[in-house]
**Student:** 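This is the structure, below, for whatever I ask next.
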Protein chains: 2
Amino acid sequence: MSNTLDKIDTQILDILQTDSNRTTKSIATELGMTTSPIFERIKKLEKEGYIKKYVAVLDNKKIGLKLTVFIGITLQGHTRSYLEKFVKEINNFPEVVECHRVSGNFDYLLKLVVEDIEAYETFIITKLTLLPYLGNVQSLIALSTSKETNKIDLSAVL
Amino acid sequence: MSNTLDKIDTQILDILQTDSNRTTKSIATELGMTTSPIFERIKKLEKEGYIKKYVAVLDNKKIGLKLTVFIGITLQGHTRSYLEKFVKEINNFPEVVECHRVSGNFDYLLKLVVEDIEAYETFIITKLTLLPYLGNVQSLIALSTSKETNKIDLSAVL
DNA sequence: TTGTTTAAAAGAATATAATTCTTTTACGAG
DNA sequence: CTCGTAAAAGAATTATATTCTTTTAAACAA
């Protein structure tokens with residue numbers, strides 16, 4: 001069970017991170033190989049967990065979710081059991097797409113994707129502020145987004 | 001050219017946001033239809049831009065990129081031409097996966113995915129702080145991430 | 001050097017799914 | 001009603017994924 005990625009693997013991952021509908025044949029052609037080794041490498045990358053899943057990326061704005069907001073949160077009480085409960089609640093909100101425990105000026109950083117400012121306010125009032133032990137809440141509203149990808153840079157790990 | 005999504009469309013989008021390798025047949029079965037209308041709806045969703053692309057989602061940590069960091073930045077000079085240059089530079093850094101212009105306590109919020117604390121420091125020293133007119137820089141290091149998805153909630157827009 | 005082993009790649013064959021095409025159904029307008 | 005339209009169903013075809021067998025290349029021991 002080899003555990004490292006070689007050049008070809010990272011090239012495959014780069015391609016699939018950009019477009020996972022590429023055929024094995026077209027990837028093979030690009031990398032100067034035949035379909036079988038490409039196919040087997042992809043299956044291996046999936047099986048060993050380097051590739052977690054394949055997903056469709058939607059156009060948030062086109063769909064009507066025009067606003068991205070980051071929310072920094074500090075909590076007043078920090079008992080372990082409460083933190084777990086807090087995180088669980090937060091993760092269940094569908095408008096929350098990310099929840100990170102962070103070091104720095106906040107305890108948690110959330111990322112939300114919502115329709116508009118109203119939907120954002122509704123979230124704050126009807127969901128977030130109902131959670132107990134909430135300390136400071138600071139919002140960063142995305143006015144524009146020049147880059148937003150989940151394509152990670154593999155050149156660093158080769 | 002109809003421009004709204006119906007229930008079936010959002011169900012398809014939900015499925016494809018979770019797993020874009022689902023066959024049209026399996027989606028059809030789940031929704032109690034045949035393959036052709038599903039196929040045509042998907043093609044329409046792609047063509048009209050609701051679906052931007054299909055990508056592989058990798059396991060950052062497994063691949064060796066173990067650290068996610070958010071960086072809040074304020075700039076000292078705000079001339080339009082400089083802002084554009086700044087953003088262009090930032091977007092070219094491969095470790096930067098998101099760059100948002102924000103309102104609130106910062107001008108920009110970045111999200112980075114890097115190997116470790118060292119790689120993060122290297123970024124700060126050899127890339128970020130070389131940019132002129134940089135004001136305050138505040139980092140939020142993700143200690144743990146309980147939720148991280150780009151699956152957006154379509155129930156709000158129906 | 002030569003023979004042997006192993007892993008990866010190539011090539012061919014098959015199975016599965018995507019895609020296209022034709023027919024049928026459901027529904028609204030006149 | 002019945003005509004026209006859009007969506008869905010079903011069948012046929014094409015393209016791709018997947019499997020299997022053969023070949024090549026590299027590593028190593030004799």
Side-chain angles (χ1 to χ4, degrees), chain A residues 1-59 62-64 150-152 154-158, chain B residues 1-59 62-64 150-152 154-158:
Chain A
M1 195 234 279
S2 86
N3 202 26
T4 40
L5 301 173
D6 65 12
K7 176 79 176 169
I8 297 172
D9 290 324
T10 60
Q11 289 182 114
I12 291 173
L13 291 176
D14 266 334
I15 291 171
L16 293 178
Q17 279 196 104
T18 301
D19 179 5
S20 63
N21 277 358
R22 287 279 297 275
T23 63
T24 55
K25 189 174 174 184
S26 103
I27 296 172
T29 303
E30 178 172 336
L31 302 185
M33 297 171 78
T34 54
T35 63
S36 351
I38 299 298
F39 176 78
E40 272 158 23
R41 278 168 180 270
I42 291 172
K43 286 303 145 190
K44 190 177 169 189
L45 290 166
E46 292 169 355
K47 193 179 172 193
E48 293 185 355
Y50 293 102
I51 297 172
K52 285 202 288 189
K53 56 181 175 177
Y54 299 92
V55 302
V57 176
L58 308 189
D59 187 327
K62 173 120 195 174
I63 284 171
N150 47 358
K151 183 174 179 182
I152 59 175
L154 299 176
S155 65
V157 297
L158 233 194
Chain B
M1 194 232 279
S2 87
N3 202 26
T4 40
L5 302 173
D6 65 12
K7 177 79 179 169
I8 297 172
D9 290 325
T10 60
Q11 289 181 113
I12 291 172
L13 291 175
D14 266 335
I15 290 170
L16 292 178
Q17 279 197 104
T18 302
D19 179 6
S20 62
N21 277 359
R22 287 278 299 273
T23 64
T24 56
K25 190 175 173 184
S26 102
I27 296 172
T29 304
E30 178 171 336
L31 303 185
M33 298 171 79
T34 55
T35 63
S36 353
I38 299 297
F39 175 79
E40 271 156 26
R41 278 168 180 269
I42 291 172
K43 287 302 145 191
K44 190 177 170 190
L45 291 166
E46 292 168 357
K47 192 180 175 194
E48 294 184 355
Y50 294 102
I51 296 172
K52 285 202 289 190
K53 56 182 175 177
Y54 298 93
V55 303
V57 176
L58 308 189
D59 186 328
K62 172 120 196 175
I63 283 171
N150 47 357
K151 182 173 180 183
I152 59 176
L154 300 176
S155 66
V157 297
L158 232 192

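Lettering follows sequence order; numbering is per chain, from 1. This one's a predicted model, so the numbers in the text were calculated from it and none came from an experiment.
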**Student:** Find the distance between CG (A:Leu45) and CD1 (A:Ile51) and round it off to the nearest 0.5 Å.
**Tutor:** 5.0 Å

**Student:** Measure the distance from CD1 on A:Ile42 to C1' on D:dT16 and round it to the nearest whole Å.
**Tutor:**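 Taking atom C1' of D:dT16 as the reference, CD1 of A:Ile42 is at 12 Å.
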
**Student:** Does a nitrogen or oxygen in the side chain of B:Arg41 sit under 4.0 Å from OP1 or OP2 of D:dA8?
**Tutor:**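 Looking at the OP1 and OP2 atoms of D:dA8, one of them is under 4.0 Å from a side-chain N or O of B:Arg41.
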
**Student:** For residues 30-43 of chain B, pull every pair meeting salt bridge (charged side-chain N to carboxylate O under 4.0 Å, His left out), keeping only residues two or more places apart or in separate chains.
**Tutor:** B:Asp6-B:Arg41, B:Asp9-B:Arg41, B:Arg22-B:Glu30, B:Lys43-B:Glu46

**Student:** Sub-3.5 Å donor-acceptor pair from the side chain of A:Thr35 to the main-chain atoms of A:Lys25, do we have one?
**Tutor:** no

**Student:** A:Pro37 side chain: which of C:dA10, D:dA9, C:dA8 is closest?
**Tutor:**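 Among C:dA10, D:dA9, C:dA8, the one nearest the side chain of A:Pro37 is C:dA10.
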
**Student:** What does the list of N/O pairs under 3.5 Å between the protein and nucleotides 19-25 of chain D look like, with a distance for each?
**Tutor:**
none

**Student:** Taking atom CD1 of B:Ile38 and atom CD1 of B:Ile12, what is their separation to the nearest 0.5 Å?
**Tutor:** 4.0 Å

**Student:** Once rounded to the nearest 0.5 Å, what's the spacing between atom OG1 of B:Thr10 and atom CG of B:Leu158?
**Tutor:** 4.0 Å

**Student:** Report the residues that fulfil side-chain contact (heavy atoms from CB on, under 4.5 Å) with A:Thr34, sequence neighbours left out, ordered by chain and then residue number.
**Tutor:** A:Ser36, A:Pro37

**Student:** Give the residues of residues 22-33 of chain B touching DNA chain C, defined as any heavy atom closer than 4.0 Å, sorted by residue number.
**Tutor:** B:Thr23, B:Thr24

**Student:** Roughly how many Å is it from CG in B:Asn21 to P in D:dA17, rounded to a whole number?
**Tutor:**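 Those two atoms, CG and P, are 10 Å apart.
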
**Student:** Separation of B:Leu16 atom CG from C:dA18 atom C1', in whole Å?
**Tutor:**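 Taking CG of B:Leu16 and C1' of C:dA18, I get 14 Å after rounding.
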
**Student:** Apply side-chain contact (heavy atoms from CB on, under 4.5 Å) to B:Gln17 and list each qualifying residue two or more places apart in sequence or on a separate chain.
**Tutor:**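 Once residues adjacent in sequence are excluded, the partners of B:Gln17 under the side-chain contact (heavy atoms from CB on, under 4.5 Å) criterion are A:Leu58, B:Asp14, B:Lys151, B:Ile152, B:Leu154.
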
**Student:** Sequence neighbours left out, what passes side-chain contact (heavy atoms from CB on, under 4.5 Å) with A:Lys47? Give chain and number order.
**Tutor:** none

